[in-house]
Amino acid sequence: MKNSVMLRISLALVIFSLCGNLSAQKSELSVIPIPTEYELGEGNFVIDKHTVLYADPAQTEVMHIAEMFQKQLRTVSGMLLPILPLADFEDQQHAVVFQLEPDEELGAEGYHLEVTPNHILARANQPAGLFYAMQTLYQLLPPEVVKNEVARAVDWTVPAVMITDVPAYKWRGLHLDTGRHISSVAFIKKYLDQMAAHKLNTFHWHLTEDQGWRLQIKKYPLLTEVGAYRDSTLVGHYGTGKYDGKRYGGYYTQEEAREIVAYAKERYITVVPEIEMPGHATAAVASYPQLGNTDKPVKTVTTWGVFPDIFNVEESTFDFLEDVLVEVMDIFPSKYIHIGGDEAPKDQWEASERIQFKIDSLGLKDEHELQSYFITRIEKFLNSKGRQIIGWDEILEGGLAPNAAVMSWRGEEGGIAAAKDAHYVVMSPGSHLYFDHGQGDPDQEPLNIGGYLPLKKVYSYKPTPDALSDEEAQYIMGAQANLWTEYLPTSDSREYMVFPRISALAEVVWSGEEHKNWESFKKRIPQQLERYELQDLNYSNTIYNVEIRAEYDEKAKDFEVVLHPQWEGIVRYTLDGSTPTASSNVYEKPQKLKAGTTVKAGLFADSELQGSITSETMRTPQPKN
Ligand code: ACM
């Protein structure tokens, strides 16, 4: 009786999920971030040798977007689609139209995209909207369209659809730490390409660190001659105490930085440079010791963490920082300049007679107020040049500079306090948006800083906290994910941490709370991974792996082992060291296992293994002395 009821329930579930999948195929767009409104139509538009692109030759940016589309299609299909003047478009068939048209509802970045069997009409208020319409179009086409080479035997069809798409937030950011490990210009361009494909618009470029100063400053050549290099680098995880003994370093010339700014601009991305102060300044102090607080010589740091050598507050140091910022502003036209402000230990300021004298003479209470004085001075300088500062949430301590925006990383509290105080905020909490954190079982993942940030947790993030009133919520500009690179020395290691979590971020900041939907996202992820694959990105497949979580039971002298999949599917496992196959045991409940047992597990859909096999041998914890 019980069994037959179970059977009926499972049959019903199978039928239900089959229907679910069928209707999903009909109603899901394979677009990430999911557009805010869409309705599928009947039939397809086919891009073939009859297709003609239309754009207004007088509108340079629109023409450029049409040319980008033309170039990409030529790359993958070999077809060179002509671009004709928009004025010639009279509702002909085979037309792909890029058109600017005033429509307040679409704002600066939104767009309409109408696909019918006869035409594709992309319409926007601003060129950025047309650029995003083109990104959506790429995702409506077969995934091969994103390749960098000819993809043979593909029908370039686009499903009929009506889309109106407007981003939820205006700051849709991704950060890259080039201080701990430097990224090549080519890698940064690839990063920007991917940001654009995910409709992100702000690249936060972390340029100075204890372990390396990465931007050429012409007035202070030692910043890069000395500060861009370190003698050695920590090997493996913190605590190994091992160093590789190899000189490491490099920097971006101003010409390269300008090239990146221009490349980003072409993709509607603003580059926000970060010059850290007063902390994370060891490389600068190593280059120019007069910027520091002690007489002891300092070297560019070779390990990770927070370090004591912060800037002093001499007038000459402010002159130095202003000179640096003048060169920075000349390269980076962004409204915001990030001045860091995080993790500045006050020990040297506490111990310095000159600093204590300064605190007294300025009538300040303590070192926190001195930091606030420091940041406010820099803010005044940048404001006088028409720029705004943004800093990590520590800039709230000792009093927030009057016009500063806050990047909230130690949770959301800093962001909430700043928004309540009418300051602009970018949410970037470590809990949900630190892409340097692990995304699976630490035993199975490549070396990383730790933590656990699976795809679903990124997806669940909501940039506007409930604690804010509607009026206060207006100060939340958006959110961004951060990629700190202590443990990410190669392009591959960095890509692994970013993809596919960038897809979840895209829906958090573009689709927004109202339109994102985890169940729908899950159905769209496989095709997104296919796109990553076609672009040779070293994306993580961790969502398809089974995490093995074992807990030792001291009394019973055994382990309770839970097999945890992040994704749907059937978990199969073995206990005899053999590789799980489609006929291995199906995991149903936690297992009690003895020390020495090796569990191997994999996630299966039908008979196919989804990710990789994970494996763990139960080892009795050694008593601590
Ligand atoms: C930070 O992660 N120190 C901003």
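Owing to the predicted nature of the structure, the values given are computational and were not obtained by experimental measurement. All ligand and atom numbering here is 1-based and tracks the order in the structure.
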Carboxylate-amine/guanidinium proximity below 4.0 Å for Lys358 and Glu353: no
Stacked cation flag Arg387 on Tyr336, 6.0 angstrom / 45 deg: no
Between Trp484 and His175, is the gap from one ring center to the other below 6.0 Å? yes
Taking the six-membered ring for Trp, are Tyr288 and Phe320 parallel (under 30°), tilted (30 to 60°) or perpendicular (over 60°)? tilted
Classify the ring geometry between Tyr268 and Phe131 as parallel (under 30°), tilted (30 to 60°) or perpendicular (over 60°). tilted
Residues around ligand 1, heavy atom under 4.0 Å from any ligand atom, sorted by chain and number. Can you pull those? Asp342, Glu343, Trp392, Trp409, Tyr434, Trp484
Ring of Tyr229, cation from Arg247 - is the NZ or CZ under 6.0 Å from the centre and inside 45° of the axis? yes
